Amino acid sequence: GLGKQVVLAQMLIFLREELAHLLKDPTNQIAQPLYCKRNIITIKCTHSAVAQEIKFNEQKLLQKINGRFLGMNIKGVHLIC
């Protein structure tokens with residue numbers, strides 16, 4: 001429903017902020033979370049090295065997301081370069 005869509009939007013904003021901090025990219029030009037489907041977040045990256053950095057930190061990102069957005073149960077990230 002609408003409530004879940006609002007939480008998803010908030011979660012993507014939170015992830016955008018986390019990626020900006022992780023990648024030292026305050027304008028989110030090298031990685032951008034796009035959407036969440038079946039508890040997997042799709043992130044668009046500009047380079048394979050960026051994707052590798054995100055994958056390396058995937059568990060930490062998932063812990064932060066699932067800790068803040070209880071009940072979302074995000075299982076992983078899918079990266080598109």
Side-chain angles (χ1 to χ4, degrees):
L2 184 59
K4 186 173 180 179
Q5 288 178 348
V6 169
V7 172
L8 280 171
Q10 291 173 334
M11 183 190 63
L12 291 175
I13 290 168
F14 175 75
L15 180 57
R16 192 174 298 126
E17 293 168 356
E18 289 296 317
L19 288 172
H21 178 72
L22 172 69
L23 303 170
K24 296 169 181 49
D25 175 34
T27 58
N28 289 106
Q29 295 201 11
I30 60 175
Q32 182 76 350
L34 299 177
Y35 57 87
C36 181
K37 186 175 183 180
R38 296 188 184 115
N39 296 357
I40 304 291
I41 298 172
T42 299
I43 301 172
K44 180 181 173 189
C45 306
T46 58
H47 194 275
S48 61
V50 174
Q52 187 175 17
E53 182 70 17
I54 294 170
K55 267 300 190 191
F56 182 75
N57 289 283
E58 179 177 10
Q59 290 306 312
K60 183 167 53 171
L61 288 169
L62 293 177
Q63 287 174 352
K64 286 184 176 185
I65 291 167
N66 288 324
R68 179 149 177 186
F69 298 93
L70 301 174
M72 290 302 295
N73 195 25
I74 302 302
K75 298 187 185 317
V77 298
H78 174 73
L79 301 163
I80 302 171
C81 290

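All figures in this text were calculated on a predicted structure; none of them were measured in a lab.
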#### Entry: Criterion side-chain contact (heavy atoms from CB on, under 4.5 Å) on L19 and I30, from CA distance to verdict
CA-CA 9 Å; L19 288 172; I30 60 175; over 6 Å; no

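The shortest non-hydrogen separation linking E53 to N57 is O-ND2, 2.9 Å. The heavy-atom pair separating V50 from A31 by the smallest distance is CG1-CB, 4.1 Å. Closest approach of P26 to A20, counting heavy atoms only: CA-CB, 4.0 Å.
Side chain of N28 to backbone of Q32: no donor-acceptor contact under 3.5 angstrom is found.
Separation of atoms CD (Q52) and SG (C81) is listed at 10.5 Å; rounding is to 0.5 Å. The distance from the NE2 atom of H78 to the CD1 atom of I41 is 12.5 Å, given to the nearest 0.5 Å. To the nearest 0.5 angstrom, T46 atom OG1 is 9.0 Å from L23 atom CG.
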Tell me which donor-acceptor pairs under 3.5 Å the side chains of residues 63-74 have, and how far apart each pair is, sequence neighbours excluded?
unit_1 : atom_1 : unit_2 : atom_2 : d
K64    : NZ     : E18    : OE1    : 2.9
N66    : OD1    : N73    : N      : 3.4
N66    : OD1    : I74    : N      : 2.8
N66    : ND2    : L62    : O      : 3.3
N66    : ND2    : I74    : O      : 2.9

Please tabulate, for the side chains in residues 8-16, all donor-acceptor contacts under 3.5 angstrom to protein atoms that are two or more places apart in sequence or on a different chain.
none

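Between I54 and L79, some side-chain heavy-atom pair lies under the 4.5 Å cut-off.
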